[in-house]
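Data block below; observations after.
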Amino acid sequence: MNAQVTHNEAGNELAHKALRFLTAGSVDDGKSTLIGRLLFDSRAILADQLDALEKRAAGAPIDLSLLTDGLEAEREQGITIDVAYRYFATKTRKFIIADAPGHEQYTRNMVTAAAGSDAAVVLVDITKIDWKARTAESQVPLLAQTRRHSLLAHLLRVPSIVFAINKLDAIEQDTETAFNNVKASLEAFAAQAGIVNKGVIPVSALRGDNVTTPSANWPWYQGPTLLQVLEQLPVSDERRDGALLHPVQYVTRDSVGEGAATASGTGHQHRAFWGRIAHGNVKAGDEVQIFPSGQTAIVAEVRHAALVVDSCEAGQSAGIVLDRQVDISRGDWIHTPGGIQPTDSFTATLAWLDTEPAVVGRKYWVRHGNRWVQARITSIDNRLDIHTLEDTDAHELAVNEIGRVQIQTQQPLPVEPYVDNRVGGALIVVDPTTNRTSGALLVKAA
């Protein structure tokens, strides 16, 4: 009985939490078609969309990739450029899909999608791989972008990574051998990189094999479908206990919850400091401190979705009202006193996304939470070779390269190791001349 209750509770928990996942991999691996297949099979396509696709196909099979490739340039070139978000649901849970581009030129868009995802489905086009070729370690060579996207998803703390070996329907014979050879290479790569592999699944996004329903064409595979795996993956949660860390995104003044203004004794309309809690929780009566001013106050009221609530925790958007007037603006942080240790220098993993290389000594803008400060790279310790997964010496980082760097900021920031917290441990790098997003910093140690 208890086991049954536990199972039902777990199922209800999954149903109420939408899984955010992205599709990743090399260009033309079938990512958009896979998402189109998921939407089509789950009946998440509007009637007018389906009618437009059928008219465009003019009697030929429907091009499911057009459901996500919405930009005119994407349709003309047959590639994904921007990140497209789509929604669908099954009886088990809801899903938010990010279709990330596979072209190296648009790696920054893939990084954006991965930063907020609970899972990644990395597609591998078996028609691009010489699955009969074996190295000395009995491994099939994988595409560079397959490795790069997997590593970036891993570095960005995407907790669940699933590999889908696509286009097996194009293999006329020995499909089981082809799948097993590529699967062995993916598993060896994942183990070497420290990637938590949640499954390797043979699929045909075009035909629908093992996407939402089991394939009758490959009786040698008795494992779950891709959808069955996705329905069971956990949603990533930031730490809800311990010290509060709340980045202030915007400030409002209104008449909701007049009791807070009265309790403060100021006679003024109170202000609510809104943002998405990075970790910890907050409730009325808590003592908090403001970064960078260092002032302290007591929480008079906590709001969520325009309502006064008892408390809010990590992952929720909250409005914090204080018992007195304190000078707080966008970019400040509200935290438990003593809960953070600001620093102006730290070690980080840098994923470089700009065509201009990252060089030592040059000044950049970095954004931490909602705060902007100037910073520079004081040293580049090494560069990660995505083929051997070994660190090599480097004096600069070119586009799409990953390395370990030392950062010096003009002002202290409340950074934390990225492995402990996504919000406190992530920064974006912006070129001050072009205003291009140049890189993503993941704090390793402060």
Open item on the list: Applying side-chain contact (heavy atoms from CB on, under 4.5 Å) to Phe163 and Lys183, what does each step give before you reach the verdict?
Closed with: CA-CA 9 Å; Phe163 294 101; Lys183 177 185 177 183; over 6 Å; no
Task: Student check: side-chain heavy atoms of Val282 and Ile334 closer than 4.5 Å - done: no
Open item on the list: Has Asn166 got a side-chain atom pairing as donor or acceptor with Asp125's backbone, closer than 3.5 angstrom?
Closed with: no
- [ ] Looking only at non-hydrogen atoms, find the nearest pair between Ala205 and Val211 and report the distance.
- [x] CA-CG2, 4.2 Å
Open item on the list: Could you measure the distance from the OG1 atom of Thr347 to the CG atom of Leu441? Nearest 0.5 Å is fine.
Closed with: 11.0 Å
Task: Shortest non-hydrogen contact from Gly25 toward Gln145 - done: O-CG, 3.9 Å
Task: Residues Asp431 and Arg362 bridged, charged N to O under 4.0 Å - done: yes
TODO: Verify, without hydrogens or angle tests, whether Glu416 (side chain) and Val423 (backbone) share a donor-acceptor contact under 3.5 angstrom.
DONE: no
Open item on the list: Between Arg148 and Ile386 (side chain of the first, backbone of the second, donor and acceptor by atom type, cut-off under 3.5 Å), is there such a pair?
Closed with: no
Open item on the list: Ignoring hydrogens and geometry beyond distance, is a side-chain donor-acceptor pair present between Ser32 and Asp99 at under 3.5 Å?
Closed with: yes
TODO: Working to the nearest 0.5 Å, report the span between CG of Leu427 and CD1 of Ile407.
DONE: 8.5 Å
- [ ] Measure the spacing between CZ of Phe95 and CD of Glu231 and express it to the nearest 0.5 Å.
- [x] 5.0 Å
Open item on the list: Working to the nearest 0.5 angstrom, can you tell me the gap between Lys94 NZ and Phe88 CZ?
Closed with: 13.0 Å
Open item on the list: For the backbone of Asp381 and the side chain of Ser379, can you confirm whether one donor and one acceptor N or O come within less than 3.5 Å of each other?
Closed with: no
- [ ] Would you please indicate yes or no on a ring centroid separation below 6.0 angstrom for Trp220 and Phe179?
- [x] yes
Task: Check against salt bridge (Lys or Arg N to Asp or Glu O under 4.0 Å), Asp209 and Arg207 - done: CA-CA 6 Å; Asp209 297 82; Arg207 203 166 60 185; 2.6 Å; yes
- [ ] Check Thr212 against Thr225 and note the closest heavy-atom contact, atom names and distance.
- [x] O-OG1, 3.9 Å
TODO: Could you check if a side-chain atom of Glu356 sits within less than 4.5 angstrom of a side-chain atom of Thr433, using non-hydrogen atoms only?
DONE: no
TODO: Please state whether the rings of Trp365 and Trp372 are parallel, tilted or perpendicular, taking 30° and 60° as the class boundaries.
DONE: perpendicular
TODO: Please test Asp118 against Leu233 for side-chain contact (heavy atoms from CB on, under 4.5 Å), starting from the C-alpha separation and ending with a verdict.
DONE: CA-CA 8 Å; Asp118 304 306; Leu233 292 181; over 6 Å; no
Task: Validation row: Ser345, Thr378 side chains within 4.5 angstrom (heavy atoms) - done: no
Open item on the list: Looking at Ala178, is its backbone amide N or carbonyl O close enough to the side chain of Asn181 to form a donor-acceptor pair, meaning the two atoms are under 3.5 Å apart?
Closed with: no
Open item on the list: Between Leu156 and Val111, is there a side-chain heavy-atom distance shorter than 4.5 Å?
Closed with: yes
Open item on the list: Donor-acceptor pair, distance only, cut-off 3.5 Å: does the side chain of Arg147 make one with the backbone of Phe189?
Closed with: no
Task: Closest contact, heavy atoms only, Ala120 versus Val158 - done: N-CG1, 3.7 Å
TODO: Kindly check if the number of other-residue, nucleotide or ligand heavy atoms within 6.0 Å of CZ (Arg383) is above 12?
DONE: yes
Open item on the list: If you count heavy atoms of other groups shown closer than 6.0 angstrom to NZ of Lys444, is the number above 12?
Closed with: no
- [ ] Return yes if some donor-acceptor pair links the side-chain N/O of His395 with the main-chain N/O of Ile380 below 3.5 Å, else return no.
- [x] no
TODO: Keeping the roles fixed (side chain from Arg37, backbone from Leu206), state whether a donor-acceptor pair exists under 3.5 Å.
DONE: yes
- [ ] State, with a plain yes or no, whether a side-chain heavy atom of Val248 is found less than 4.5 Å away from one of Ile320.
- [x] no
TODO: Decide yes or no for Leu155 and Leu442: does some side-chain heavy atom of the first lie under 4.5 Å from some side-chain heavy atom of the second?
DONE: yes
TODO: Could you check if a side-chain atom of Leu230 sits within less than 4.5 angstrom of a side-chain atom of Val121, using non-hydrogen atoms only?
DONE: yes
Task: Heavy-atom donor-acceptor pair, Arg276 side chain to Ala278 backbone, under 3.5 Å - done: no
TODO: Measure the CG-CG distance between Asn281 and Asp286 for me, rounded to the nearest 0.5 Å.
DONE: 7.0 Å
Open item on the list: Distance alone, cut at 3.5 Å: any donor-acceptor contact between the side chains of Asp28 and Ser26?
Closed with: no
- [ ] Dump the intermediate steps for side-chain contact (heavy atoms from CB on, under 4.5 Å) on Arg367 and Val430, then the final yes or no.
- [x] CA-CA 8 Å; Arg367 175 179 169 176; Val430 173; 6.0 Å; no
Task: Closest approach of Ala113 to Leu22 (non-hydrogen atoms, all atoms of both residues) - done: CB-CD1, 4.2 Å
- [ ] Search all heavy atoms of Phe273 against all heavy atoms of His246 and return the closest pair with its distance.
- [x] O-NE2, 3.1 Å
TODO: For the pair Arg86 (side chain) and Leu39 (backbone), establish whether a donor and an acceptor sit closer than 3.5 Å, ignoring hydrogens and angles.
DONE: no
Task: Partners passing side-chain hydrogen bond (donor to acceptor under 3.5 Å, both in side chains) against Thr409 (at least two apart in sequence or in another chain) - done: none
- [ ] Can you measure from CD1 (Ile126) to CG (Asp29) and round to the nearest 0.5 angstrom?
- [x] 11.5 Å
Task: Val373 vs His368 side-chain heavy atoms within contact, under 4.5 Å - done: no
Task: Test applied, side-chain contact (heavy atoms from CB on, under 4.5 Å); reference residue, Asn210; option that passes from Pro224, Ser204, Pro202 - done: Pro202
- [ ] Might you work through the side-chain contact (heavy atoms from CB on, under 4.5 Å) test for Leu34 and Leu123, ending with a clear yes or no?
- [x] CA-CA 9 Å; Leu34 177 72; Leu123 267 76; 3.5 Å; yes
